[in-house]
Protein chains: 2
Amino acid sequence: MDMQKAAGSGESEGIDRTAFEPVYAQLVNILRRQVASGFLRPGDQLPSEAQLCRRYGISPMTVRRAINILVDQGIVVAEQGRGTFIRPVELGTASFQLQRLQELFEDDPRNTVRLLQARIMAADERTAAKLQVAPGQRVIYIRRLILACDEPTLCHVEYVVYDPARPVVEAEMDVTALRGLFGGAGATMLKHGDLSVEATLLTEEEAALLQASRPAAAFRIEHLFFDFDDRPVSWGWFICRSDRLRFTSRLGLRGAE
Amino acid sequence: MDMQKAAGSGESEGIDRTAFEPVYAQLVNILRRQVASGFLRPGDQLPSEAQLCRRYGISPMTVRRAINILVDQGIVVAEQGRGTFIRPVELGTASFQLQRLQELFEDDPRNTVRLLQARIMAADERTAAKLQVAPGQRVIYIRRLILACDEPTLCHVEYVVYDPARPVVEAEMDVTALRGLFGGAGATMLKHGDLSVEATLLTEEEAALLQASRPAAAFRIEHLFFDFDDRPVSWGWFICRSDRLRFTSRLGLRGAE
DNA sequence: CACTATAACTTCCCTATAGAACTATATAAG
DNA sequence: CTTATATAGTTCTATAGGGAAGTTATAGTG
C-alpha cells in the first residue's frame, strides 16, 4: 500500500493486541475518534469492511461487529450495496436521561421522603378513567414531599388501585416504598409505564411546599404504570421546581472523548 | 426433549427460515414477546446460549447477536459466568424522543417560520461567555416565530458568531435556514450540540407572540451548537407552550407490540 | 443514443469452531 | 468446620469462510 492520506489526523492508530479492551471495541473507539476529530465528516464514506480488515489486520466478523455498534449508536448509517456513511447531527436522536431524577430515589441519607397524606377515597371521573376502574370505586390517594439535601424538590401525587389481593398496596403505603417503584424490588410488579412531561404553574399549595414564590413555573411529570396483565396500577404526577432539576442532552459526539 | 412448560405462553414459537426477517431478529422478537407476555419476568434467567441454540436450531453466534441486541435495548442484563437476566423497569432508561419537535422543521407547507428580527449587535456578558468570544464582539441576533398549522407554537432567540469567512452566517440569516440547522444540509457544519430543557414563565412579549394569557408556563429549550473545531457557533433557546408540544416516553415493553 | 448484460464491489446473514474469562458447585484435604 | 481444588456451566472474544442481496460502473448490443 503506497497511497496514504495526510496521516496527521487519526489514520495512524492501530490495534493493541495486548490491551484489555477487546479488539472490536478498540475499532469502535478509533472510528469514533476519527469522527470526533473531524477526520471523518458527515456524509463521508467509511472504508469498506474488507479495507478495514486489511488495514487493521482483523477478521471480517470483528469489523462487522464494530460497525454494527456504530450503527445502533446512530453515528453511521449503512446502506447495503453502497457503503457506510457518517450521519449528520439530527435532533430526532436526542434523548434525555432521567438519571438525575432516579438518583432522588436512591438510598441516599440526604434524600428523604415525607408522607403528607394517605387515605382511601372514591375515584373521581378522571382518576377512574386513567386507572380503568368504575367511577366511585375505592382507590388509594397518596401525597408525598421529596427532599434532596434537606431542600424540598418534588411534590408527588399518586392514585393506586385498591386491591387487597395485591401485595403492592400495603408496601405502597409505606413512605419509603416510592423507591421501590423506580428500580427497587417493587419494580418487579410493574411491566411498563408511560411518562409525560409538561410545563405548568405552581398552585398555591405546591408553592408553599416547595418554598417557591408565585407565580412560578415547574415541571409536571405524569406517570401511569401497568402490571403484567396490562392493567393500570398507579397514576400520578410529580411537580418539580425547574431550578432543582434540569434535563440535558447531547447531540452528536463530544470533543474530547 | 420431553420436559415442556405450560406451552400456552410463548414457548411454542419457532424460527421461520423462509421469512424475510433475519433469524437473529426473529429471536429478538420471540424473546421480547416472552417478556411482554409475562412468560419471562424481571429477575428471571434467560435460557443459556447453548440451550437457545438447541431449542431453535441456530448457531451460537446468531444467538449471541440477538442477546447483544436485547442487552443494549436495556431489556436484559448479561453477567459473565452467571447468566442473562430480565431487567426490571427502571426510570433511568427513559428517553424522550424529540421527533415532534423535529417535525416542526420539516418541509411541511403548514409549518411556517416568520422572521421577527435579525441584526448585528455587540455581545453582552452572558452571550460572549456562551459563545466563547470577547464581550462586545459583534454577533448576529435573530428572533423567529414558528407556526404549526397557522398556530403560533415556538419562539426562538438565537445568537450566532459573526464570522464573514464562515458561510453558515449568510445562510443563517435566511428565514428558512433554521430547518438546515436541524437535520438538513446545514447540519454538516455542526459537530455536536447541547440541549437543556427547563420550565419557565412566559414574558409579556412571548405571551403576545404565542397568543397566551399570562401568567403561563412554558418549556424553554436551550441549545448550544459547536463546529468541527469545537468552537461555539450558535446559542439560543426556544420558548414553547406546553399544550402545543409534549414530551412522552415509555418505560419497559408495551403490551401488544 | 438507449437499453441490457456483466462484473466488481459493497453490505448483510449465517454457520462452525476454538479458546479465554468468570462463576458457582461439588469434592477432597487440612 | 474451614479451606483449597477440580469441574461444569456460563458469557465473552475472535477467527475463517460461504453465500445472499443490493449498488454502481462498464462493456456490449440493438
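Chain letters run A, B, ... following the sequence lines, proteins first, then strands; residues in each count from 1.
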Rounded to whole Å, please give me the gap between [atom1] in [X] and [atom2] in [N].
X: Glu49(A); N: dA16(D); atom1: CD; atom2: P; answer: 16 Å
X: Arg65(B); N: dA14(D); atom1: CZ; atom2: P; answer: 17 Å
X: Arg17(A); N: dA14(D); atom1: CZ; atom2: P; answer: 7 Å
X: Glu21(B); N: dA21(D); atom1: CD; atom2: C1'; answer: 17 Å
X: Arg54(B); N: dT10(D); atom1: CZ; atom2: C1'; answer: 12 Å
X: Phe20(A); N: dA14(D); atom1: CZ; atom2: P; answer: 14 Å
X: Ile58(A); N: dT13(D); atom1: CD1; atom2: P; answer: 14 Å
X: Glu79(A); N: dG22(D); atom1: CD; atom2: P; answer: 14 Å

TODO: Under 4.0 Å between any heavy atoms, over every strand shown, what does Pro60(B) touch: base, sugar-phosphate, or nothing? Just pick one.
DONE: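 Pro60(B): base contact, heavy atoms under 4.0 Å.
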Residue-phosphate contact under 4.0 Å: [X] side-chain N/O, [N] OP1/OP2:
X: Arg82(B); N: dG9(D); answer: no
X: Tyr24(A); N: dT13(D); answer: yes
X: Thr84(B); N: dT11(D); answer: yes

For a quick test of reading the model, state the closest non-hydrogen atom pair linking [X] to [Y] and the distance between them.
X: Pro232(A); Y: Val161(A); value: O-CG2, 3.4 Å
X: Ala66(A); Y: Tyr24(A); value: CB-O, 3.7 Å
X: Arg246(A); Y: Glu198(B); value: NH2-OE1, 3.3 Å
X: Trp237(A); Y: His156(A); value: O-CD2, 3.2 Å

Task: Of Arg64(B) and Gln51(B), the one whose closest DNA chain D nucleotide lies more 5' - done: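 On the 5' side of the pair lies Gln51(B).
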Task: Along DNA chain D (nearest heavy atom to each residue), the more 5'-positioned of Gln26(A) and Gln80(A) - done: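 The answer here is Gln26(A).
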- [ ] Measure the angle between the two terminal helix axes of the helix from dC1(C)-dG30(D) to dG30(C)-dC1(D), five base pairs each, and quote it to 10°.
- [x]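 It works out to 0° between the end axes.
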Open item on the list: Checking the side chain of Asp227(B) only, and the main-chain atoms of Asp229(B) only, is there a donor and an acceptor separated by less than 3.5 Å?
Closed with: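 It does hold such a pair.
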Open item on the list: Using only atom types and a distance under 3.5 Å, with no angle test, would you say the side chain of Gln26(B) pairs donor to acceptor with the backbone of Asp16(B)?
Closed with: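 Side chain of Gln26(B) to backbone of Asp16(B), a donor-acceptor pair under 3.5 Å: yes, one is there.
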Task: Contact boundaries on DNA chain C for chain B, cut-off under 4.0 Å to non-hydrogen atoms - done: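 Using the under 4.0 Å cut-off, the span is dC13(C) to dA24(C).
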- [ ] Using a 4.5 Å cut-off on heavy atoms from C-beta on, say whether the side chain of Lys191(A) contacts that of Asp230(A).
- [x]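 Touching, per the 4.5 Å side-chain cut-off.
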Task: Minimum-distance nucleotide to Ser48(B) side chain [options: dG22(D), dT10(D), dT15(D)] - done: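 Taking heavy atoms from C-beta onward, the closest nucleotide is dT10(D).
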Open item on the list: Quick check: His223(A) with Phe238(A) (ring centres under 6.0 Å apart)?
Closed with: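 Yes: the rings meet the under 6.0 Å criterion.
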TODO: Compute the ring centroids of Phe219(B) and Phe247(B), then answer whether they are less than 6.0 Å apart.
DONE: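 Yes, ring centres under 6.0 Å apart.
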Open item on the list: Could you tell me if Gln73(B) and Arg32(B) have a donor-acceptor pair between their side chains, going purely by distance under 3.5 Å?
Closed with: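 A donor-acceptor contact under 3.5 Å links the two side chains.
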